[in-house]
Amino acid sequence: MLELYGTQLSSRLFLGTAQYPSPAVMADAVRAAGVDLVTVSLRRETAGGRTGGRFWELINELGVRVLPNTAGCHSVKEAVTTAHMARELFGTDWIKLEVIGHHDTLQPDVFGLVEAARILANDGFKVFPYTTEDLTVGERLLEAGCQVLMPWCAPIGSARGPVNPDALSAYRAHFPDIPLVVDAGLGRPSHAAAVMELGFDAVLLNTAVARAGDPVAMGSAFAEAVKAGRRGFLAGPLAPRDMAVPSTPVIGKAVFE
C-alpha cells in the first residue's frame, strides 16, 4: 500500500482525465487501469458545460479519489486562487500544484512553485507539487510544507520517457523517506516500469493513455508495467557494470591443449 498524507492507496498508478475521446472512454480506461486516484482540472470542470456535468457524474460513479490540479496557471496568485476554488468545488484539501514558467516546455516556475506551496500549506492544503528533478527545489518544497514530491521525467505530453535517469536516481537517493511520484513525460508502459525500478513510489500520467489508439488497453498496460517495475525494484535489480561478467563458472572447466 502507498500512503500519502495519511491516506492509503492500493494502486501506484494515477491517471489524468483530460484529452480522452469521450467521458465514457475515460471512465473505461480508469477502470481498466484499476487506479484509486485521478487528477481533475478546475478549468476542465468549469468550462465543460453540460458535458462537464456528465463528466463529474462519471468521476463520482468511479468511486476514485479526486486530486484537483492547477493546470495552466502561470503565476502564484492564479495558482492559489485556483486551488481555493477547487477546494470549494471538489470538497478536498488535496491539490496538485502547477505553476508553469515556460510556455514551450511547460517547465515549472520553481520559484513561484515554492512560494505557492508555502501559502497553500499554511492554508491547510495537502500539496502535490509538479516540479523538476532539482534537489534544492525539492528541499525547499519540503520546507514549505509539502509531504510529497512530483518530479517530471520529461516535458508534459512529450512521451519521451525518462530523459535523465541519473538525475532521477539521485533524486530518489536524496529523498529516501519522502513519497516520490514521477509526473509528466511518460509515453510507454516501459517508461513507467523503468522509473518504478529506480524506486519511485508511483507515476502520474495522462496523455499516454488518453491519446493512445486504444486508451482502455493502454490503461491496463500501464497498470501492469507499474506493478512489474515495483516488483523489480523490491527484488533488488543488479547494478549496471562496465565489464562483462560470466554467468557460468570458469573453475573446473575442461581444458583442451
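Numbering of residues begins at 1 and proceeds along the displayed sequence.
Arg140 has a carboxylate O that lies under 4.0 Å from a charged side-chain N of Glu143, or vice versa, which qualifies the two as a salt bridge.
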Test log, rule side-chain hydrogen bond (donor to acceptor under 3.5 Å, both in side chains), inputs Gln107 and Thr132: CA-CA 8 Å; Gln107 180 172 339; Thr132 66; 5.6 Å; no

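For the pair Asp183/Lys96, a side-chain contact is recorded, criterion being any heavy-atom separation below 4.5 Å from C-beta on. In this structure, Pro129 and Leu149 have side chains that are in contact, with non-hydrogen atoms separated by less than 4.5 Å. Using a 4.5 Å cut-off on side-chain heavy atoms (C-beta onward), Gln19 and Thr207 make contact. Counting only heavy atoms from C-beta outward, the side chains of Phe14 and Leu2 approach each other to under 4.5 Å. With contacts defined as side-chain heavy-atom distances shorter than 4.5 Å, the pair Phe222/Val209 qualifies. Side-chain contact between Arg172 and Leu168 is absent, with no heavy-atom pair separated by less than 4.5 Å. Side chains of Met218 and Pro189 form a contact here, defined as non-hydrogen atoms less than 4.5 Å apart. Counting only heavy atoms from C-beta outward, the side chains of Arg12 and Asp201 approach each other to under 4.5 Å.
Heavy-atom contacts from other residues, nucleotides or ligands closer than 6.0 Å to CZ of Phe111 number 12 or fewer. Counting non-hydrogen atoms of other residues, nucleotides and ligands closer than 6.0 Å to CZ of Arg65 gives a total above 12.
If you chain together hydrophobic residues whose side chains sit under 4.5 Å apart, Leu97 and Val76 fall into the same group. In this structure, Trp152 is not a member of the same hydrophobic cluster as Leu186, with clusters built from ILVMFWY side-chain heavy atoms closer than 4.5 Å.
Contacts of Asn206 classified as side chain to side chain donor-acceptor pair (under 3.5 Å), with partners at least two apart in sequence or in another chain: none. Partners of Ala27 according to the side chain to side chain contact (heavy atoms under 4.5 Å, CB included) rule, which considers only residues two or more places apart in sequence or in another chain, are Arg31, Leu58, Leu62. In this structure Asp134 satisfies the side chain to side chain donor-acceptor pair (under 3.5 Å) test with no other residue, sequence neighbours excluded. For Glu133, there are no salt bridge (charged side-chain N to carboxylate O under 4.0 Å, His left out) partners two or more places apart in sequence or in a different chain. The side chain to side chain contact (heavy atoms under 4.5 Å, CB included) check on Ala121 picks up nothing, with sequence neighbours excluded. For Glu224, there are no side chain to side chain donor-acceptor pair (under 3.5 Å) partners, not counting sequence neighbours.
For the atom pair Leu135 CG and Phe175 CZ, the distance stands at 5.5 Å (nearest 0.5 Å). How far CG of Asp123 is from CG of Asp93: 11.0 Å, rounded to the nearest 0.5 Å.
The heavy-atom pair separating Tyr130 from Leu106 by the smallest distance is OH-O, 3.2 Å. When all heavy atoms of Gly185 and Ser158 are compared, the closest pair comes out as CA-OG, 3.9 Å.
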